[in-house]
Protein chains: 2
Amino acid sequence: MKYSKQREIILKTLKAADTHLTAEDLYHKVREIIPRISLGTVYRNLNLLVEVGEIRTLQSSDSPSILYDGRGDEHCHLICTSCGKITDIDLALFTPFDLLVYDKRGFLVDDHDLVLKGTCAECLEK
Amino acid sequence: MKYSKQREIILKTLKAADTHLTAEDLYHKVREIIPRISLGTVYRNLNLLVEVGEIRTLQSSDSPSILYDGRGDEHCHLICTSCGKITDIDLALFTPFDLLVYDKRGFLVDDHDLVLKGTCAECLEK
DNA sequence: TTAATAATAGGAATGGTTACTAATTAGGGG
DNA sequence: CCCCTAATTAGTAACCATTCCTATTATTAA
């Protein structure tokens, strides 16, 4: 994989964001730094970065577009169905589940995609 | 919600299927019973059925289209990254995890969307 | 420096899903 | 049983996220 300024900025911008962004979101942010970048370049690089494990994707179910997550490591997402906010939470607790799944089905787990929907602390107070 | 033959057949066909189907898959299956049904009708009814909790959706990450699942109850999906097969597995074990999330973040969980990726028993044998 | 090739911008094409409209159908009240 | 009203439908056009295509530009190894 050859170096490209576009890819570097895309990755840096995504990692710097505190939220999960669509390709379009990122496109607009990166355009402030590289005004002539194309949307296709953003998509192509996001796909590449997912492939090499630098970033991850998730689907927010109430938006049709893919969300990109600057974290490459496995973690879980909490989606508040009231305000729509998506937050990360670590999961260092899955080993027992994986073992159980293997015992029951002979299925060897190597990746988790866990989304919990509910109400966040702030919305609960109201 | 008024009765419609189209909706009844769509639901019955999905529940009878042993796999997870796209709207297009269902459209072709249902057309064998109602030849003049339109794809739009399939989509509209699937959305309705999801809304009332009769069925669920999931995204298979390597296909862009939504998959529909005839089960309305919460359950977990195992996706084999080798053969692509998606199987269901019950999860009656999430209560401790939900409590932990509430303790840590004050987030009140009421729905789970859990996808485990890995290798299924059949593929492991090879 | 040069040659090979990966990456880019721009725009066209694709494909899944939704929106629109006129015609049809369900089903409750007279 | 027959209106009446509102939900539903078929068919088609529109939409939008994503991918594909091509000529040009940038990277990197020799």
Side-chain angles (χ1 to χ4, degrees), chain A residues 1-14 17 19-70 79 84 86, chain B residues 1-14 17 19-70 79 84 86:
Chain A
M1 180 151 57
K2 248 179 214 177
Y3 170 84
S4 101
K5 184 174 184 174
Q6 285 85 342
R7 181 156 53 241
E8 188 190 10
I9 303 292
I10 288 167
L11 180 58
K12 195 187 293 182
T13 306
L14 180 56
T19 47
H20 304 83
L21 302 175
T22 65
E24 194 92 22
D25 292 338
L26 258 168
Y27 173 58
H28 290 301
K29 277 183 186 289
V30 172
R31 269 227 292 195
E32 292 167 16
I33 304 165
I34 311 174
R36 298 186 64 75
I37 199 171
S38 74
L39 184 55
T41 296
V42 174
Y43 273 106
R44 185 165 16 78
N45 281 297
L46 286 172
N47 287 343
L48 274 171
L49 291 166
V50 168
E51 238 171 72
V52 299
E54 274 289 331
I55 65 175
R56 304 195 135 225
T57 60
L58 76 137
Q59 311 248 12
S60 89
S61 85
D62 44 34
S63 150
S65 31
I66 296 170
L67 292 176
Y68 293 88
D69 186 328
I79 302 187
I86 303 179
Chain B
M1 182 150 59
K2 246 180 215 176
Y3 170 84
S4 102
K5 184 173 185 173
Q6 285 84 342
R7 180 157 53 241
E8 188 190 10
I9 304 292
I10 288 167
L11 181 57
K12 196 187 294 181
T13 306
L14 179 57
T19 47
H20 304 82
L21 303 174
T22 64
E24 194 93 21
D25 293 339
L26 258 169
Y27 172 58
H28 290 302
K29 276 183 185 287
V30 172
R31 270 228 289 195
E32 291 167 17
I33 304 165
I34 311 174
R36 298 186 64 75
I37 199 170
S38 75
L39 183 54
T41 296
V42 175
Y43 273 106
R44 186 167 15 80
N45 280 297
L46 286 171
N47 286 344
L48 273 171
L49 292 166
V50 168
E51 237 171 71
V52 300
E54 274 288 331
I55 64 176
R56 303 194 138 227
T57 60
L58 76 137
Q59 312 248 10
S60 91
S61 84
D62 43 36
S63 151
S65 31
I66 297 171
L67 292 176
Y68 293 88
D69 186 327
I79 302 186
I86 304 180

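Letters A, B, ... mirror the listed sequences (proteins, then strands); counts begin at 1.
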Tell me the interatomic distance from [X], atom [atom1], to [N], atom [atom2], rounded to whole angstroms.
X	N	atom1	atom2	result
B/Gln59	D/dA17	CD	C1'	12 Å
A/Met1	D/dA26	CE	C1'	16 Å
A/Asn45	C/dA6	CG	C1'	11 Å
A/Leu48	C/dA6	CG	P	12 Å
A/Tyr3	D/dT25	OH	C1'	15 Å
A/Lys5	D/dT28	NZ	C1'	18 Å
A/Leu21	D/dA17	CG	P	15 Å

Using atom types as modelled, flag every donor-acceptor pair under 3.5 Å from a side chain in residues 26-33 of chain B to any protein atom, sequence neighbours excluded.
{"from": "B/Tyr27", "atom 1": "OH", "to": "B/Arg31", "atom 2": "NH1", "distance (Å)": "3.3"}

Can you say whether a donor on the side chain of B/Lys2 sits under 3.5 Å from an acceptor on the base of D/dA6, or the other way round?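 Check passes, donor-acceptor contact within cut-off.
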
Which atom of A/Thr22 lies closest to which atom of A/Ser65, heavy atoms considered: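 Result for this residue pair: CG2-OG, 3.8 Å.
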
Do you know the tightest heavy-atom contact between A/Gln6 and A/Ile34?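 Minimum heavy-atom contact is CA-CD1, 3.8 Å.
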
Side chain to side chain donor-acceptor pair (under 3.5 Å) partners for [X], two or more places apart:
X	result
A/Ser61	none
B/Thr19	none
B/Thr57	none

Under the salt bridge (charged side-chain N to carboxylate O under 4.0 Å, His left out) definition, can you give me all pairs with a residue in residues 45-56 of chain A, not counting sequence neighbours?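 For residues 45-56 of chain A: A/Lys15-A/Glu54, A/Arg56-A/Asp111.
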
Kindly state each residue pair satisfying salt bridge (charged side-chain N to carboxylate O under 4.0 Å, His left out) with at least one member in residues 4-13 of chain B, sequence neighbours excluded.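 Counting only pairs at least two positions apart or across chains, no salt bridge (charged side-chain N to carboxylate O under 4.0 Å, His left out) contact touches residues 4-13 of chain B.
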
With sequence neighbours excluded, residues passing side chain to side chain contact (heavy atoms under 4.5 Å, CB included) with A/Ser38: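 Testing A/Ser38 for side chain to side chain contact (heavy atoms under 4.5 Å, CB included), a comparison that skips the adjacent residues, returns A/Thr41.
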
Residues two or more places apart in sequence or in another chain: which of them pass side chain to side chain contact (heavy atoms under 4.5 Å, CB included) with B/Leu58?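 B/Leu58: side chain to side chain contact (heavy atoms under 4.5 Å, CB included) contacts with B/His20, B/Leu67, B/Asp69, B/His77, B/Ile86.
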
Could you encode protein contacts along nucleotides 9-23 of chain C as a string, one character per nucleotide from 5' to 3', using B for base contact, S for sugar-phosphate-only contact and - for no contact, with a heavy-atom cut-off of under 4.0 Å? BB-----SBB-----

Please tell me which of the listed nucleotides, D/dT9, D/dT28, C/dA7, lies nearest to the side chain of B/Ser4?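 Looking only at side-chain atoms, B/Ser4 lies closest to D/dT9.
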
Using five base pairs at each end to define the local axes, how bent is the helix from C/dT1-D/dA30 to C/dG30-D/dC1, to the nearest 10°?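 So the angle between the two local helix axes works out to 30°.
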
Restricting both atoms to N or O, compile the protein contacts to nucleotides 28-30 of chain C shorter than 3.5 Å, with distance only.
none

Using salt bridge (charged side-chain N to carboxylate O under 4.0 Å, His left out) as the criterion, list what pairs up with A/Arg44, not counting sequence neighbours.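 A/Arg44 satisfies salt bridge (charged side-chain N to carboxylate O under 4.0 Å, His left out) with no other residue.
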
